[in-house]
Amino acid sequence: ARTILIDPVFGDVNTLVRRQTEIPFDLDNLPHIDVVLLTHGHYDHLNVRSLDYLAKRSDDTVFFVPMGQGRYLPSSCQKDHIRTFDWWDSLLLDDVQFTFLPSQHWHQRGPFDYNKALWGGWWIHGMSGSSFYHMGDSGYFKGFEAIFEMMGAPDVMALPAGAYEPRWFMQLQHMNPQEAWQVARKLQAKYTIPMHYGTFDLSDEP
């Protein structure tokens, strides 16, 4: 068995963007982390302090990142422990296959790096046949049809249903709950977990 973390953010993003809910576990009791997956470079997903904590906590944790995101990782994340993925790239780690999938989103961490790194979601497939799809951030787009055609129906899917108002600004990058439900039906997921609600206050919905 392997323990996987996706976009770990253990505290506030900064002094302006603070967690609205506490992390639901004690960091001291966190088990050994084998793999950290990053979906994209926005500050509420790629948190340098959390990644530094994990890299210093264990010298064999590996970090799977979208193409171009490796430059933002702290130096404690050793280069030989970083794996870079393009869209649709797959890697088999023992008995677990990781596939990086496209989404409709964007990248920016500074004034001069707009869309100079990739973003997306992760499909985790065990050799027993079970699958988990973590979408990261995404607007509703036709690429979901290609994902279903290539990957099939996930057993469990975590998909975003937060930070969606106002629609004129957020529609292309974040789904609202109604769109998230349409994607769950389109991908025929057995179980769906809504995410990205109530952690950070980034938009206009209640």
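Nothing here was measured: the structure is a model prediction, and the numbers come from that model.
Note that OG1 of Thr99 is 11.0 Å distant from OH of Tyr133, once rounded to the nearest 0.5 Å. Expressed to the nearest 0.5 Å, how far CD of Gln97 lies from CG of Leu91 amounts to 8.5 Å. How far OH of Tyr164 is from OG of Ser203: 8.0 Å, rounded to the nearest 0.5 Å.
Ser103 pairs by the side chain to side chain donor-acceptor pair (under 3.5 Å) definition with nothing, not counting sequence neighbours. Residues satisfying the side chain to side chain donor-acceptor pair (under 3.5 Å) criterion with Thr61, sequence neighbours excluded, are absent altogether. With sequence neighbours excluded, the residues satisfying side-chain contact (heavy atoms from CB on, under 4.5 Å) with Met67 are Thr84, Asp86, Leu118. Gln173 meets the side chain to side chain donor-acceptor pair (under 3.5 Å) test with Trp106; sequence neighbours excluded. Remark: Val96 pairs with Phe98, Ile124 by the side-chain contact (heavy atoms from CB on, under 4.5 Å) rule, at least two apart or across chains. The salt bridge (Lys or Arg N to Asp or Glu O under 4.0 Å) test applied to Asp89 returns no partner, not counting sequence neighbours. In this view, Gln188 and Phe148, Ala153 satisfy the side-chain contact (heavy atoms from CB on, under 4.5 Å) rule, not counting sequence neighbours. Take Asn47 and apply the side-chain contact (heavy atoms from CB on, under 4.5 Å) test, not counting sequence neighbours, and it matches Val9, Arg49, Ser50.
Between His40 and His105, the two ring planes are perpendicular [angle over 60°; tilted spans 30° to 60°].
Exactly one residue among Asp7, Val13, Thr199 makes a side chain to side chain contact (heavy atoms under 4.5 Å, CB included) with Asp44. That residue is Val13.
With hydrogens and angles left out, the side-chain atoms of His107 and Gln69 include a donor and acceptor closer than 3.5 Å. Residues Asp137 and His196 bring a donor and an acceptor atom of their side chains to less than 3.5 Å of each other.
Closest approach of Pro66 to Trp119, counting heavy atoms only: CB-N, 4.3 Å. Between Tyr140 and Met175, the shortest heavy-atom contact is N-CG, 3.5 Å. Nearest heavy-atom pair across Ala158 and Met195 is O-CE, 3.3 Å. Taking every heavy atom of both residues into account, His81 and Asp59 meet most closely at CE1-O, 2.5 Å. Between Leu202 and Met170, the closest heavy-atom pair is O-CE, 4.3 Å.
Among residues at least two apart or in separate chains, side-chain hydrogen bond (donor to acceptor under 3.5 Å, both in side chains) pairs with a member in residues 25-35 are His32-Asp34, His32-Ser58, His32-Asp60. Annotation: salt bridge (charged side-chain N to carboxylate O under 4.0 Å, His left out) contacts involving residues 195-206, sequence neighbours excluded, are absent. Among residues at least two apart or in separate chains, salt bridge (charged side-chain N to carboxylate O under 4.0 Å, His left out) pairs with a member in residues 148-159 are Asp155-Lys190.
Hydrophobic cluster membership for Leu30: Leu5, Phe10, Ile23, Phe25, Leu27, Ile33, Val36, Leu38, Leu46, Val48, Leu51, Tyr53, Leu54, Phe63, Val65, Tyr72, Leu73, Ile82 (Ile, Leu, Val, Met, Phe, Trp, Tyr linked by side-chain heavy atoms under 4.5 Å, directly or transitively).
A salt bridge between Lys186 and Glu179 is absent, with no side-chain N of the basic residue lying under 4.0 Å from a carboxylate O of the acidic one.
Under the 3.5 Å distance criterion, the side-chain polar atoms of Gln78 are left unmatched by any main-chain donor or acceptor of Asp80.
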